[in-house]
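Every chain is numbered from 1 and lettered A, B, ... according to where its sequence line falls, protein lines coming before strand lines. Every value quoted in this text rests on a predicted model; they were computed, and no experiment measured them.
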Amino acid sequence: MSSDEAPMPASSAQPAPLSQQAMAARGAPYLDDLNPAQREAVEALDGPVLMLAGAGTGKTKALTTRIGHLLLTGKCRTNEILGVTFTNKAAREMKTRIGRLMGEAVEGMPWLGTFHSVNAKLLRRHAELVGLKSSFTILDTDDQLRLLKQLLVANNIDDKRWPARMLAGIIDNWKNRAWTPEKVPAGEASAFDRRGVELYAQYQARLRDLNAVDFGDLLLHMLTIFQEHEDVLAQYQRWFRYILVDEYQDTNVAQYLWLRLLAQSHKNICCVGDDDQSIYGWRGAEVGNILRFEKDFPGAKVIRLEQNYRSTPHILAAASGLITANKGRLGKTLWTDAEEGEKVRLIGHWDGEEEARWIGEEIEAMQGGTRGLAPMSLDHMAILVRASHQMRAFEDRFLTIGLNYRVIGGPRFYERMEIRDAMAYFRLAVSQEDDLAFERIVNTPKRGLGDKAVQTIQRAAREHGLSLVEGARLCVDEGRLSGKGLKELRTLVQGLDRWHGQVISEADTHVELAEMILDESGYTAMWQNDKTPEAPGRLENLKELVKALEEFENLQGFLEHIALIMDNESEEQGEKVTLMTLHAAKGLEFPAVFLPGWEDGLFPSQRSMDESGLKGLEEERRLAYVGITRAEKLCTISFAGNRRVYGQWQSALPSRFIDELPQEHIEVLTPPGLYGGGFGAAAPSAGPSAVQERAMRADVYNSPGWKRMQSRQQRPVSQPAEARNMTIDLEATSSFTTGERVFHKKFGYGAITAIEGDKLEIAFDKAGVKNVVSRFVVAADLADDIPF
DNA sequence: TCAGCCGAAGTTTTT
DNA sequence: CTTCGGCTGA
């Protein structure tokens with residue numbers, strides 16, 4: 001760590017006043033780029049500032065310019081700014097933009113990062129104050145769960161009644177609220193939770209023994225240190241002369257306390273956020289933090305960024321109208337100079353499949369530029385859903401019509417099984433003390449070392465106070481195991497020794513070593529021999545991992561940094577529609593956005609409302625607000641009268657949020673097959689209440705007449721899409737035959753059961769019968785030759 | 001030890 | 001309808 005980053009006595013931390021730069025900054029051209037509110041937010045450098053930045057109002061620009069301004073006016077140096085974000089992506093983007101602003105002349109900002117990475121860095125310096133070594137490892141959710149499971153077993157607790165997941169959730173929750181085991185309030189400890197507190201304490205003790213922390217600990221330990229060691233706190237209060245916080249509405253209690261401690265002396269804290277976009281209450285975020293800011297920091301300057309540069313007036317008005325139904329907002333009025341554009345479109349469908357079909361066709365139409373609209377790239381369209389299982393209907397549909405899509409979300413790169421397995425091997429090569437890593441890979445690939453063998457090893461280790469690797473060595477030497485297991489374990493231990501020796505001697509580059517480890521351990525072979533559909537992808541990921549290694553000096557350096565980086569940056573090429581959850585969409589924007597599944601119970605989610613009542617409903621509404629405000633030009637909301645939920649058909653009412661949309665900014669489209677538009681024709685203002693109105697609309701969909709009309713109309717309606725594909729059929733010569741074995745990237749191996757043009761019906765070995773366009777499939781015998 | 005069967009449950013997610 | 005996890009029988 002460079003001494004530049006280290007806190008020093010205040011006297012030497014004083015930067016020389018750079019009057020020249022200050023002069024330059026005063027007339028700086030970058031200030032002219034800002035609108036008045038942004039400029040105010042940039043220039044109010046001292047004292048507490050709350051920047052209320054609505055969606056698409058140039059928040060990041062204001063934030064990065066503010067940092068640039070701090071530096072250029074000589075207020076402080078780069079290493080005296082503490083900037084915290086929630087995601088690596090946000091931190092990275094800010095660094096890039098500051099770099100651009102400062103003409104690359106500025107060296108990196110060492111204290112601009114996520115809450116977690118900043119705290120990890122701090123904790124490495126002061127680990128001994130909470131009984132850790134500075135080399136502590138950071139456990140992720142997986143390790144955490146394994147540990148908790150062991151704890152539950154050790155306590156003879158039926159893991160059916162108290163699943164490890166639940167305990168993990170409870171502990172996380174407590175950590176979010178800055179409760180160490182001693183501080184969990186007695187009131188919190190119901191019959192269930194009292195046991196929980198004890199387990200929590202045991203868990204923390206176990207972590208300390210392992211010299212490990214979980215994500216929550218990173219912040220909680222530092223908070224404890226700040227609270228118990230005034231000198232350390234004072235040191236950082238002096239050092240971090242200016243504090244900036246991104247997405248303040250998402251901070252939890254622990255983060256709030258942490259910030260307040262650091263800012264309380266100079267109060268140079270600038271929090272940026274939008275109370276209307278607070279959607280993470282369920283993981284501990286406290287909207288209250290942002291609502292309370294002025295009370296926490298009397299005399300705080302509150303600056304509202306309200307000019308929106310993203311969406312058309314109709315989209316903005318629809319979103320604004322919806323969000324006014326929430327109580328206790330700080331309140332903002334977004335406005336824009338943009339041209340009027342199209343109204344937000346609303347359409348109801350008979351069922352979820354028809355909704356997916358309609359959206360698919362709409363996307364194709366927009367891509368082709370029909371209906372007088374300019375052709376639009378698939379990259380500019382997104383479908384945002386409330387819950388990830390909703391994506392399935394779209395994936396199925398897009399696969400059959402051959403529409404390219406990308407799914408954002410799902411397991412992150414470093415969360416994938418194969419990556420974590422490989423990392424466990426690397427961890428062990430670096431340090432044989434890593435018991436969790438050993439447990440993870442001892443029988444992966446299968447070595448005939450099951451529960452019993454592991455228990456034997458654990459017993460041996462505990463008896464002699466050794467690590468599991470040493471315990472294993474003991475078992476091998478003393479022949480405590482037998483047969484295949486013994487032989488395999490001996491090989492493994494020898495391998496671990498050899499690899500560890502390589503790390504020490506640096507005989508090979510770390511990249512070569514990594515490859516060697518994966519090969520010699522039999523891990524690569526395990527996936528090569530695996531014929532499930534996922535195997536090729538996993539091998540691909542392993543190659544990616546090795547490639548990522550190249551960026552680092554050595555394995556240690558890699559492991560050090562990787563624990564906190566959970567990005568999933570895979571640069572796919574080719575135009576694709578984006579499919580993701582509303583949560584994942586926060587901060588993003590797309591010219592065209594589809595918001596399907598607006599049905600009561602689904603969105604707003606029944607569970608949210610049941611568990612959190614009005615608070616939950618309001619958070620759902622903010623989610624809706626986030627969804628609409630992602631759209632630049634075209635926003636299409638839809639719902640389905642019927643949907644298959646867990647294999648059962650269920651009918652639902654259109655979402656109450658639909659009633660809350662201001663009518664004058666909504667265009668109601670006629671669902672395919674429904675003549676005369678039975679939906680939304682009547683104005684809800686007069687006569688029946690909104691709920692009755694909604695019920696009436698729903699009745700239209702549930703009436704036998706409607707259903708009859710629907711079924712009669714369905715076929716002709718889908719005709720155009722069929723016709724389009726038929727044209728392609730004539731050109732594309734399908735070279736497949738019925739009965740042929742094929743391989744599909746997603747579904748794996750299967751046999752063709754029917755061929756219709758370029759569409760194949762395939763009975764997959766694992767995925768069941770699917771209709772797939774032929775170009776997504778290769779002959780099975782060719783699949784083995786694909787170099788993975 | 002491990003594959004295969006049965007039963008239960010089934011939001012949102014970053015680090 | 002799936003998927004995951006735990007249990008059982010070979």
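- Regarding A:L582, its CG atom lies at a distance of 16 Å from the P atom of B:dT11, rounded to whole Å.
- Considering only side-chain N and O atoms, A:T581 lies under 4.0 angstrom from the phosphate OP1 or OP2 of B:dT13.
- Contacts of A:Q144 with the nucleic acid, taken as non-hydrogen atoms under 4.0 Å apart, are absent.
- Residue contacts for A:E247: at a heavy-atom cut-off of 4.0 Å it reaches no nucleic acid atom on any strand shown.
- Across all strands, A:A453 comes closer than 4.0 Å only to sugar-phosphate atoms, never to a base (heavy-atom distances).
- With B:dC2, B:dT15, B:dG10 as the candidates, the nucleotide lying closest to the side chain of A:T87 is B:dT15.
- A stacking contact links A:W282 to B:dT12: the aromatic ring centre lies within less than 5.5 Å of the base's six-membered ring centre, and the planes differ by less than 30°.
- Across all strands, A:S605 comes closer than 4.0 Å to base atoms (heavy-atom distances).
- The residue A:D214 sits apart from the nucleic acid: no heavy atom pair falls under 4.0 Å.
- A:M580 has its CE atom 11 Å from the P atom of B:dT13, to the nearest Å.
- Counting non-hydrogen atoms under 4.0 angstrom, A:F86 reaches the backbone sugars and phosphates but no base.
- Judged purely by atom type and a 3.5 angstrom limit, A:D214 has no side-chain atom pairing as donor or acceptor with the backbone of A:I138.
- Taking only side-chain nitrogens and oxygens, A:Y280 never comes nearer than 4.0 Å to OP1 or OP2 of B:dT15.
- Side-chain atoms of A:R386 and base atoms of B:dT11 include no donor and acceptor less than 3.5 Å apart.
- When distances are taken from the side chain of A:K149 to each of B:dT11, B:dT13, C:dG6, the shortest belongs to C:dG6.
- A:N443 has a side-chain polar atom (N or O) that falls below the 4.0 Å cut-off from OP1 or OP2 of B:dC2.
- Checking the phosphate oxygens (OP1, OP2) of B:dT12, a side-chain nitrogen or oxygen of A:S388 falls inside 4.0 Å.
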